[in-house]
2 protein chains.
Amino acid sequence: MKHITIKDVAKRLNCSVSTISRAFNDKYDIRKETRDMILATANEMGYSPNPMAKSLLKQCSNQIGVVVPEFINPFFPEVIIGIQEVFHKNGYQVLIMQSNESYIHELENVKALENNMVDGMILSLSLETKNVEYYKKMVSQGFPLVLFNRVSNELETHKVLIDDYKWAFFATEHLIYQGYKKIFHFSGPDGLMFSKSRKNGFIDAHRKHKLMVDNGSIIETGLMIGDGEREMEKLIKNNDLPDAIFAVNDPTAIGAMMVLKKSGLKIPGDVALVGFTETHLAQLIDPPLTSVAQPTHEIGRTAALLLLDQLENKGIFIPQTVVLNGRLNVRESSMKLSNG
Amino acid sequence: MKHITIKDVAKRLNCSVSTISRAFNDKYDIRKETRDMILATANEMGYSPNPMAKSLLKQCSNQIGVVVPEFINPFFPEVIIGIQEVFHKNGYQVLIMQSNESYIHELENVKALENNMVDGMILSLSLETKNVEYYKKMVSQGFPLVLFNRVSNELETHKVLIDDYKWAFFATEHLIYQGYKKIFHFSGPDGLMFSKSRKNGFIDAHRKHKLMVDNGSIIETGLMIGDGEREMEKLIKNNDLPDAIFAVNDPTAIGAMMVLKKSGLKIPGDVALVGFTETHLAQLIDPPLTSVAQPTHEIGRTAALLLLDQLENKGIFIPQTVVLNGRLNVRESSMKLSNG
DNA sequence: TTGTACGCGTTATCAC
DNA sequence: GTGATAACGCGTACAA
């Protein structure tokens with residue numbers, strides 16, 4: 001696997017490496033014929049400039065890195081497709097890594113990408129990530145970093161989000177309007193901003209409608225299907241069923257749904273369900289799940305455009321937080337039976 | 001964003017770069033105290049050797065590349081997790097790229113990874129990929145390449161597969177045993193090996209049971225949910241419903257299922273359904289979908305181990321094809337109602 | 001035990 | 001319009 005280098009081409013053509021280089025970098029100071037001839041033979045020999053060497057020299061690589069917590073759920077993959085769309089068009093390669101919701105892996109990934117001299121990074125923090133000192137240092141040294149969804153207040157970077165508070169509020173209000181009284185919230189880890197915001201939306205919707213939020217009605221659950229299953233099983237075992245549950249995300253809602261179905265309980269009827277961060281899954285399951293949809297594709301595109309802008313206007317940088325609009329897709333899982 | 005280099009550390013410590021280098025590469029020819037002291041200050045300064053420069057010098061990078069067609073469906077993400085598990089443990093970084101089912105992007109991705117001097121690659125071909133000349137050249141030059149699932153006969157590399165023919169055969173036979181007579185097959189593009197194998201399994205299962213395969217009963221559909229929807233709509237419109245459908249994969253089966261449900265048809269009852277390449281989706285939808293499960297995680301691990309072996313035993317290489325076992329998970333969508 | 005010098009594949013800056 | 005050379009950051013053979 002010998003890579004053909006600029007020297008090989010130079011030797012073959014009996015000219016100097018700089019001439020070859022010029023041919024590829026399309027400067028004016030080269031005769032058109034020479035250029036064409038060089039390009040032709042280079043192509044024939046299968047030569048192309050080695051980007052690593054170029055990166056080493058130029059201290060930038062035309063590559064950007066993306067680190068996401070997972071891609072079991074379709075959410076992050078869909079965001080990444082949006083990212084790639086933008087960068088592909090602009091001549092960048094996108095390197096993707098996943099932290100598997102681990103802080104250690106996340107940091108390793110970030111450092112690996114840094115070492116590959118990516119020109120910038122797009123990052124969504126892992127569940128475990130509390131300490132953002134390293135990222136703070138990167139940012140303070142001017143490294144272009146854009147965060148989305150799983151962001152941190154401590155970092156002064158571009159951010160792309162949806163208004164978790166607002167949409168959690170609407171989702172809860174929707175359940176209230178349907179006439180449900182005893183509404184529980186399956187929440188995510190308190191350390192995550194979006195998790196906290198969604199919880200606050202839940203609480204404030206109750207407040208607006210002068211409803212109490214009981215002590216036991218907010219249950220820290222987690223983010224995966226298994227977490228939803230576990231908590232639902234507990235509730236059934238304790239015979240402490242709510243009318244309705246607003247879950248921090250779709251997987252926990254789906255976990256709850258599966259346990260409810262297995263126990264012969266009706267959705268809605270016995271328990272209504274609303275999720276968050278809709279993926280195509282929500283429409284496929286039975287009953288179809290009411291859920292807040294995030295514009296995954298758009299999140300990716302927006303983050304990419306912000307990073308691109310930062311890359312190209314190196315000097316001026318004012319951290320910007322873009323809040324994209326979500327949407328509450330009402331489906332069967334949260335209907336009031338007496339109405340339908 | 002000035003990267004700290006070996007020179008910075010050397011200057012600070014008033015010694016030569018080679019001493020620093022030695023400290024990091026842990027040779028015998030350095031005093032332990034010197035080494036410790038260097039490592040300490042280097043660490044304090046935030047220095048770590050630049051892997052790009054190292055790669056350029058050593059012509060290898062301790063990185064491996066993965067290119068998959070897509071990651072909307074959970075199949076490839078699950079495989080990738082298996083891959084990462086192995087390589088992480090062995091000190092390799094994994095760079096992931098997706099071709100978006102496009103031959104052009106796939107080739108670009110492969111070249112980009114090659115240019116990053118990845119030590120090897122794991123690849124699953126895109127739908128469009130017919131021409132494998134470039135990959136053939138890589139292989140003939142000794143570049144370590146492992147294929148999985150979407151493979152090509154023309155390439156003499158390690159391969160990881162499941163026996164598509166066998167499991168399609170079993171899946172079809174299952175429908176026959178349930179008493180279904182008029183069974184259709186939603187097939188994938190004929191150019192794909194797995195697609196062809198599954199189709200042949202479908203045909204031969206009929207042959208074994210002395211059943212005819214009508215001309216119209218094999219329908220080239222595609223691989224995505226939308227494809228299944230489209231073909232199902234056509235069948236309903238033409239009033240040409242089969243008893244049962246064996247679909248080339250889960251998304252097409254799910255597409256068919258959604259259209260059937262929308263039209264008020266029963267699954268099973270009016271039409272039974274069997275899918276292939278099960279992901280966790282199959283259990284979540286309603287009715288639960290009978291499907292052939294592939295050991296996604298294991299596919300990834302196996303491909304990774306084969307590549308690792310090839311990387312470490314450079315000399316001897318005999319292309320190996322590992323056929324992993326699948327499993328037919330029988331669920332509600334293919335039951336015979338009179339039996340249940 | 002440590003330092004010097006070269007090469008990995010490029011591009012930019014000088015000469016010519 | 002073209003060629004020689006330094007530099008990017010590192011590892012290592014060789015000299016000291």
Side-chain angles (χ1 to χ4, degrees), chain A residues 1-39 41-42 45-63 93 111-119, chain B residues 1-39 41-43 45-63 111-119:
Chain A
M1 198 55 206
K2 178 72 174 72
H3 231 170
I4 294 138
T5 77
I6 202 171
K7 285 184 191 164
D8 300 324
V9 185
K11 202 166 290 171
R12 167 83 106 75
L13 261 53
N14 269 326
C15 67
S16 77
V17 289
S18 25
T19 310
I20 312 289
S21 175
R22 263 189 281 264
F24 272 87
N25 291 288
D26 210 6
K27 305 281 179 186
Y28 296 102
D29 52 356
I30 186 169
R31 239 178 44 217
K32 195 174 174 320
E33 314 160 29
T34 328
R35 202 191 69 127
D36 291 346
M37 203 258 291
I38 289 175
L39 255 40
T41 35
M45 293 173 73
Y47 165 78
S48 70
N50 181 334
M52 291 198 83
K54 207 186 290 191
S55 303
L56 195 58
L57 193 61
K58 300 241 210 132
Q59 302 283 43
C60 80
S61 65
N62 261 13
Q63 292 187 134
Q93 293 291 335
K111 287 181 182 172
L113 289 170
E114 231 184 331
N115 286 331
N116 268 291
M117 294 191 182
V118 294
D119 301 343
Chain B
M1 196 55 205
K2 178 74 176 72
H3 231 171
I4 295 139
T5 79
I6 201 170
K7 283 184 193 164
D8 300 324
V9 185
K11 202 166 293 172
R12 167 84 105 73
L13 260 55
N14 269 327
C15 70
S16 78
V17 289
S18 40
T19 309
I20 313 288
S21 174
R22 264 189 281 265
F24 272 88
N25 293 286
D26 210 8
K27 302 284 179 185
Y28 300 103
D29 51 358
I30 186 166
R31 239 175 46 217
K32 195 175 175 319
E33 315 158 27
T34 329
R35 203 191 67 127
D36 289 346
M37 201 259 291
I38 289 175
L39 255 40
T41 35
N43 189 39
M45 295 175 68
Y47 166 79
S48 70
N50 180 334
M52 290 197 82
K54 206 187 290 193
S55 302
L56 197 58
L57 192 61
K58 299 245 212 129
Q59 304 283 39
C60 79
S61 65
N62 260 11
Q63 292 187 133
K111 288 182 182 172
L113 288 170
E114 232 185 328
N115 286 331
N116 268 292
M117 292 191 181
V118 293
D119 300 344

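Nearest to the side-chain atoms of B:P49 among the listed nucleotides D:dC10, C:dT11, C:dG9 stands D:dC10. Taking every side-chain heavy atom of B:R31 into account, C:dT2 is the closest of D:dC10, C:dT2, C:dG3. When each of C:dT10, D:dT2, D:dG9 is scored by its nearest atom to the side-chain atoms of A:Y47, the top-ranked nucleotide is C:dT10. Considering only side-chain atoms of B:K58, the nucleotide from C:dT13, C:dG9, D:dT12 that sits closest is D:dT12. The side chain of A:I6 lies closest to C:dT10 when the candidates are D:dG9, C:dT10, C:dC14. Closest to the B:T19 side chain, of the nucleotides C:dC14, C:dT10, C:dG3, is C:dG3. Among D:dT5, D:dT2, C:dG7, the nucleotide with an atom closest to any side-chain atom of B:L57 is C:dG7. The nucleotide whose nearest atom lies closest to any side-chain atom of B:K54 is, among D:dC10, C:dC14, C:dG9, D:dC10.
The stretch residues 9-16 of chain B has no heavy atom under 4.0 Å from DNA chain D, so no residue of it qualifies as close.
Residue B:R35 contributes atom CZ, which lies 12 Å from atom P of C:dT2 at whole-angstrom precision.
Using a 4.0 Å heavy-atom distance criterion, B:T34 is classed as a sugar-phosphate-only contact.
Among pairs with a residue in residues 51-60 of chain B, none fulfils salt bridge (Lys or Arg N to Asp or Glu O under 4.0 Å), at least two apart in sequence or across chains.
For B:S48, the side-chain contact (heavy atoms from CB on, under 4.5 Å) partners are A:N115, not counting sequence neighbours. By the side-chain contact (heavy atoms from CB on, under 4.5 Å) test, A:S21 is found to be paired with A:I6, A:N25, residues two or more places apart in sequence or in another chain being considered. Applying the side-chain contact (heavy atoms from CB on, under 4.5 Å) criterion to A:D119, with sequence neighbours excluded, gives A:C60, A:S61, A:N62, A:Y92, A:L311.
Taking 4.0 angstrom as the limit, A:Q59 places a side-chain polar atom (N or O) nearer than this to OP1 or OP2 of D:dG9.
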Verdict with supporting geometry, B:N116 and A:Q63, side chain to side chain donor-acceptor pair (under 3.5 Å): CA-CA 10 Å; B:N116 268 292; A:Q63 292 187 134; 2.7 Å; yes

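For the helix from C:dT1-D:dA16 to C:dC16-D:dG1, the end axes, each set by the C1' atoms of five terminal pairs, are bent relative to each other by 50° (nearest 10°).
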